[in-house]
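Everything numeric here is computed off the predicted structure, so don't read it as measured data. Because only heavy atoms are used, hydrogens play no part in the values below, and waters and symmetry mates are left out as well, while side chains stay in. We name chains A, B, ... by the order of the sequence lines, and we start the count at 1 in each one.
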Amino acid sequence: MMLAIDTATDACSVALFDGGKLVAERHEIVGRGHAEKLIPMIAELPGKGRAQGIIVDCGPGSFTGLRVGLSAARALGLGWQAQVYGYSSLALMAAMAFSDANAPGRLAVTIAGGHGEMFVQRFTRKPFAEIAPLASLTPDAAIAEIEEPLLIGNAAAELSALSGVGEARDIRPRAAETMLLPKAFRELPPSPIYGRAPDAKPPQ
Amino acid sequence: MAIILGLESSCDETAAALVTSEREILAHALAGQEEAHRPFGGVVPEIAARAHVEVMTPLVAQVFEEAELSLSDIDAVAATAGPGLIGGVMVGLMTGKGLALAGGKPLVAVNHLEGHALSPRLADPALEFPYLLLLVSGGHCQLLLVKGVGSYERLATTIDDAAGEAFDKTAKLLGLGFPGGPAVEKAAQTGDPASVPLPRPMVGRADPHFSFAGLKSAVLRARDSGHYTPEDIAASFQAATIDCLVDRTARGLASAGDITALVVAGGVASNSAIRGALRALAERNGLPFIAPPPWLCTDNAAMIAWAGVERFAADLSDPLDIPARARWPLDADAAKARGAGVKA
């Protein structure tokens with residue numbers, strides 16, 4: 001059994017897989033309520049979600065949501081003696097978009113970041129791979145960077161409107177879709193991918 | 001005998017401990033973040049939150065290994081659920097919930113202040129309810145009548161800064177380093193406590209509360225005057241703080257009714273000059289003075305595990321959807337102190 005946990009956005013999303021096949025899922029838009037909802041949702045899964053492997057969304061995404069999901073995943077891993085791995089929220093969104101047969105060969109994932117910036121990462125479909133590392137960019141820098149015909153994520157519409165090019169589609173990561181990720185993309189260390197350095201800077 | 005795992009992450013310490021109902025501390029582990037916060041001269045919530053998530057589960061694994069126990073051997077998981085820096089509280093609470101689900105164990109959501117309030121009973125088996133507790137830390141300064149597990153009456157609180165906050169700010173103003181409590185105490189040892197005239201806010205007032213903001217401002221003025229050494233200011237500041245704590249605690253003793261002891265807990269209670277002055281006050285009032293050892297006064301997980309022991313014994317446990325709380329007063333019925341509104 002494999003348990004997937006995704007709390008990187010306003011969704012609280014969990015899924016249980018057996019041999020890569022979806023057994024059960026719980027998916028709810030909770031806003032900021034991940035800390036209350038997550039464990040009861042896992043407990044509702046068959047066998048209370050017990051698994052030999054756990055994969056968890058490491059971000060980028062909600063600063064609090066990430067740490068809720070990671071803390072829970074690591075604790076469950078310790079308690080069940082299960083392996084815990086991470087995946088990137090942006091990679092999952094890209095894989096979900098590419099599962100549409102009509103999707104183009106390249107796309108850019110853009111989600112809202114901090115201080116007016118957005119997280120941007122571009123992917124190719126075949127083979128599934130990132131074109132460039134994750135970056136936190138201003139909208140102008142993002143427009144200059146992106147040349148893909150499809151923009152996905154919660155900042156896609158804004159960016160597409162600003163640049164006047166590209167189709168925009170909002171996609172939210174969902175635990176039940178994690179098997180769309182190639183295996184290497186769901187074997188990251190279970191540590192947060194914040195995508196930015198801390199805002200706090202030591203006084204000079 | 002019950003064995004409880006305790007988890008703490010409400011400020012800048014990440015900690016795990018295994019404690020038995022027989023008061024045996026089977027293992028305790030703590031990862032401080034002083035290095036990460038030192039450049040800022042104070043705890044930065046965002047930095048703290050980032051650090052907690054990396055070290056919490058390794059600490060839990062470490063205490064199980066040290067005690068040669070596994071999750072199946074314990075009776076319940078106790079985790080701080082507030083009050084504190086919410087990003088940190090969340091990490092310990094989610095770890096606790098995950099372990100509770102994985103092990104099929106009850107979760108005990110512990111109020112961090114209750115951890116401090118009951119920790120003297122971990123250190124001293126003879127301590128009986130009710131006792132008067134002076135809880136002094138970086139986030140709190142309260143006099144609590146501890147009547148039983150879960151039964152607290154707040155007699156006084158600070159209307160502005162906590163005592164530990166005043167120590168930290170004084171250390172920062174004087175360039176003594178972080179954390180401020182030990183730094184000020186060390187500097188004070190070579191200073192003259194009578195050298196700088198500093199105010200004693202609230203001393204002698206009928207109103208029961210504490211105040212430290214004016215004292216901090218006076219420290220700033222003394223520094224800027226250029227007339228005093230940092231050591232003299234530190235010693236005078238510490239003396240003024242002690243006068244405030246002793247006067248307010250004496251007033252609390254007078255209104256507390258029959259109590260078994262005067263007890264002090266919280267990080268500031270690790271200051272030996274403050275302990276000495278409170279011990280003398282207790283003796284003048286014919287009361288035993290109880291102070292947990294300094295390591296148990298500062299934030300730790302043994303006190304959370306012990307609060308878990310006490311609550312578990314009273315058949316108190318919590319559902320897995322319990323929220324983390326930034327604010328969570330121990331005595332929800334306490335009247336709001338005039339001028340207050342920022343402290344739990």
As a quick check of understanding, evaluate side chain to side chain contact (heavy atoms under 4.5 Å, CB included) for A:Ile193 and A:Leu90, giving each step before the final call. CA-CA 10 Å; A:Ile193 304 170; A:Leu90 304 185; over 6 Å; no
Go through the atoms of B:Ala324 and report whether side chain, backbone, both or neither lie under 4.5 Å from a heavy atom of chain A. backbone
With heavy-atom distances below 4.5 Å as the criterion, would you say the side chains of A:Glu147 and A:Arg122 are in contact? yes
Can you classify the ring geometry of A:Phe123 versus A:Phe128 as parallel (below 30°), tilted (30 to 60°) or perpendicular (above 60°)? parallel
Residue-level contacts of residues 71-83 of chain A with chain B, using a heavy-atom cutoff under 4.5 Å: A:Ser71, A:Ala72, A:Arg74, A:Ala75, A:Leu76, A:Leu78, A:Gly79, A:Trp80
Relative to chain B, which segment of A:Leu66 carries a heavy atom at a distance below 4.5 Å: side chain, backbone, both, or neither? neither
Checking side chain to side chain donor-acceptor pair (under 3.5 Å) between A:Asp10 and each of A:Arg172, A:His34, A:Arg32, which is the one that passes? A:Arg172
Tell me, for A:Lys48 versus chain B, whether the close heavy atoms (under 4.5 Å) come from the side chain, the backbone, both or neither. both
Quick check for you: among A:Leu38, A:Val68, A:Leu70, which has the greatest number of heavy-atom pairs under 4.5 Å with chain B? A:Val68
Are the side chain of A:Gln121 and the backbone N or O of A:Ala108 linked by a donor-acceptor pair below 3.5 Å? no
Side chains of A:Glu158 and A:Met118, heavy atoms from C-beta outward: is any pair under 4.5 Å? yes
I'd like to know which of B:Leu93, B:Val60, B:Leu101 tops the heavy-atom pair count under 4.5 Å against chain A. B:Leu101
Among the options B:Ile322, B:Val91, B:Leu71, pick out the one with the most heavy-atom pairs lying under 4.5 Å from chain A. B:Val91
Passes salt bridge (Lys or Arg N to Asp or Glu O under 4.0 Å), A:Arg169 versus A:Asp100? Steps please. CA-CA 12 Å; A:Arg169 200 179 302 163; A:Asp100 176 349; 3.6 Å; yes
Give a yes-or-no answer on whether the side chains of B:His112 and B:Ser10 include a donor-acceptor pair shorter than 3.5 Å. yes
I'd like to know whether B:Lys105 forms a side chain to side chain contact (heavy atoms under 4.5 Å, CB included) with B:Leu99, so could you lay out the CA-CA distance, the side-chain angles of the two residues, the decisive distance to 0.1 Å, and finally the verdict. CA-CA 8 Å; B:Lys105 306 293 179 182; B:Leu99 290 168; over 6 Å; no
